[in-house]
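Ligands are counted one by one from 1 in listed order, and the atoms in each one are counted from 1 as well.
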Amino acid sequence: MALKKGFIFDLDGVIVDTAKYHYLAWKKLADELGFEFTEEQNEMFKGVSRKRCLEILLDIGKVDATQEQFEKWMIEKNEDYLSYIDKMDESEILPKVKKVLKYLKKKDQPIALGSASKNAQPILEKVGLISYFESIVDGNSVTKAKPDPEVFLIAAKDLKTKPEDCIVFEDSVAGIQAANIANMISIGIGDKNVLHEADYIFKDFTEMNKKFLKKLIKK
Ligand code: B16
Ligand code: MG
């Protein structure tokens, strides 16, 4: 029998690849401050809050900042990042994501977003997916970052679903850990060597078939 589960999606790395825009904006700041910031180093920033990213960036560049400078650079980075977001459209949705969202909606399954980003709402609007989400839990709604399960527990509450009936799609290790701590089913999207703590791992949504989704709903 089909049951009502709670499907929770991370944003960056699951629905869209905004990591490339985060990278360009952090790199611009690093350039201005006079040090190199590589794409490999940007990997550490995935799923991490904006504030923590800046702390790590300044550590990399061995730059000391006053509180005032720190706040200014946070704003500067975000303004630059938003200039990329402004140009986003439907074509930036990662392969087969919309198909999965459509299928879950057709099956009457509640869907939420669980992201660290404070820009989640405008991004979902830009790519035209906002109407699929009953709840958007993002960087504005939480006090504790992943791997703390707060973001997913709020989403479960919003969807009126017990944590053990929730399924989380995540691309970051911290996000998988957060889902596991919350006692939810964790589905890693990305590299199986990196996301090995997940209950299931797929390279991307093109690898996930209807049979698997059906199984999740019936479980
Ligand atoms: P913002 P996710 C995360 O998104 C990004 O992966 C991470 O790189 C970023 O620093 C964080 O959002 C905060 O983003 O500056 O827009 O508030 O993967 O949690 O959807
Ligand atoms: Mg992510």
Side-chain angles (χ1 to χ4, degrees), residues 7-30 37-60 70-86 88 92-94 97 111-127 129-130 132-133 135-155 168-179 182 186-191 194-195 197-198 201-205:
F7 285 85
I8 308 174
F9 288 74
D10 174 52
L11 180 66
D12 176 29
V14 170
I15 294 177
V16 283
D17 173 24
T18 35
K20 59 186 182 218
Y21 301 135
H22 282 296
Y23 173 63
L24 291 174
W26 286 125
K27 189 178 170 348
K28 185 165 179 267
L29 182 61
F37 176 58
T38 66
E39 263 185 90
E40 288 72 46
Q41 289 167 326
N42 191 60
E43 284 300 306
M44 286 189 282
F45 285 20
K46 291 187 175 173
V48 174
S49 75
R50 192 184 313 164
K51 182 168 171 280
R52 185 69 198 122
C53 288
L54 182 54
E55 286 167 359
I56 302 171
L57 189 83
L58 296 180
D59 265 357
I60 293 171
F70 193 94
E71 296 302 329
K72 181 177 155 266
W73 292 335
M74 289 256 284
I75 293 170
E76 231 177 86
K77 183 269 168 179
N78 195 50
E79 281 175 356
D80 193 40
Y81 176 66
L82 287 176
S83 69
Y84 294 107
I85 298 312
D86 200 43
M88 284 181 87
E92 299 221 28
I93 303 170
L94 288 170
V97 168
I111 304 172
L113 190 87
S115 160
S117 175
K118 292 188 173 179
N119 298 303
Q121 181 116 9
I123 294 170
L124 287 178
E125 275 165 12
K126 276 277 166 193
V127 299
L129 290 181
I130 196 107
Y132 286 92
F133 293 86
S135 160
I136 292 174
V137 189
D138 62 12
N140 301 297
S141 349
V142 295
T143 55
K144 294 176 222 121
K146 300 168 191 173
D148 190 285
E150 184 187 21
V151 62
F152 297 142
L153 291 173
I154 297 175
V168 174
F169 298 98
E170 251 290 346
D171 73 314
S172 75
V173 175
I176 293 295
Q177 290 169 341
S186 57
I187 303 186
I189 304 293
D191 188 333
V194 179
L195 303 173
E197 289 172 62
I201 309 164
F202 296 90
K203 191 165 65 59
D204 56 35
F205 284 97

Consider every N or O of Asn78 and every N or O of ligand 1, then say whether any pair is closer than 3.5 Å. no

Under 30°, 30 to 60°, or over 60°: which ring-plane class applies to Trp26 and Phe45, parallel, tilted or perpendicular? perpendicular

Does any N/O atom on Tyr81 come nearer than 3.5 Å to any N/O atom on ligand 1? no

Side-chain (Thr18) to main-chain (Tyr21) donor-acceptor, under 3.5 angstrom: no

Is Lys77 close enough and on-axis enough to Tyr81, meaning under 6.0 Å and within 45°, for cation-pi? yes

Below 4.0 Å from ligand 1: does a non-hydrogen atom of Gly47 turn up there or not? yes

Residue list, side-chain contact (heavy atoms from CB on, under 4.5 Å) with Val151, at least two apart or on another chain: Val137, Val142, Lys146

Which of the atoms in ligand 1, numbered in the order shown and given with their element, are less than 4.0 Å from a heavy-atom of Lys146? 19 (O)

Under 3.5 Å, N or O to N or O, is Lys46 touching ligand 1 that way? no

Please identify which atoms of ligand 1 are closer than 4.0 Å to at least one heavy atom of Phe45. 7 (C), 8 (O)

Nearest heavy-atom approach of Asp12 to Asp171 is O-OD1, 3.0 Å

Which ligand 1 atoms does Leu11 reach within 4.0 Å, using its non-hydrogen atoms? 20 (O)

How close do Ile187 and Ala198 get, counting heavy atoms only, and between which atoms? C-CB, 4.4 Å

Got the closest protein heavy atom to atom 5 (C) of ligand 1, with its distance? Asp12 OD2, 3.3 Å

Tell me, which protein residue and heavy-atom name are nearest atom 2 (P) of ligand 1, and how many Å apart are they? Asp10 OD1, 3.1 Å

In terms of atom number and element, which parts of ligand 1 are under 4.0 angstrom from non-hydrogen atoms of Lys118? 1 (P), 16 (O), 17 (O)

Asp171 N/O to ligand 1 N/O under 3.5 Å: no

Show your reasoning for whether ring pair (Phe, Tyr, Trp, His ring centres under 6.0 Å) applies to Phe9 and Tyr132. CA-CA 11 Å; Phe9 288 74; Tyr132 286 92; 9.6 Å; no

Exercise: identify the closest heavy-atom pair between Ala178 and Phe152: CB-CE1, 3.8 Å

Would you check if there is a donor-acceptor pair between the side chains of Thr143 and Glu150 at a distance under 3.5 Å? yes

His22 contact mode with ligand 1 (heavy-atom cut-off under 4.0 Å): side chain

Nitrogen or oxygen atoms of Cys53 and ligand 1 under 3.5 Å apart: no

Do Ser83 and Asp86 meet the criterion of a side-chain donor-acceptor pair at a distance under 3.5 Å? no

Which residue and atom name correspond to the protein heavy atom nearest atom 15 (O) of ligand 1, and how close is it? Arg50 NE, 2.8 Å

In ligand 1, which numbered atoms sit nearer than 4.0 Å to a non-hydrogen atom of Asn119? 1 (P), 16 (O)

Top protein contact for atom 19 (O) of ligand 1, by heavy-atom distance: Ala116 N, 2.7 Å

Would you check if there is a donor-acceptor pair between the side chains of His22 and Lys46 at a distance under 3.5 Å? no

Strictly below 4.0 Å, N to O, side chains only: are Lys51 and Glu71 in salt-bridge contact? no

Should Asp191 and Lys203 count as an ion pair when the cut-off is N to O under 4.0 Å? no

Could you check atom 9 (C) of ligand 1 against the protein and tell me its nearest heavy-atom contact, residue, atom and distance included? Val48 O, 3.1 Å

Short of 2.8 Å from the Mg ion (ligand 2), name each protein N/O/S atom, waters not counted. Asp10 OD2, Asp12 O, Asp171 OD1

Is the distance from the ring center of Phe202 to that of Phe169 below 6.0 Å? no

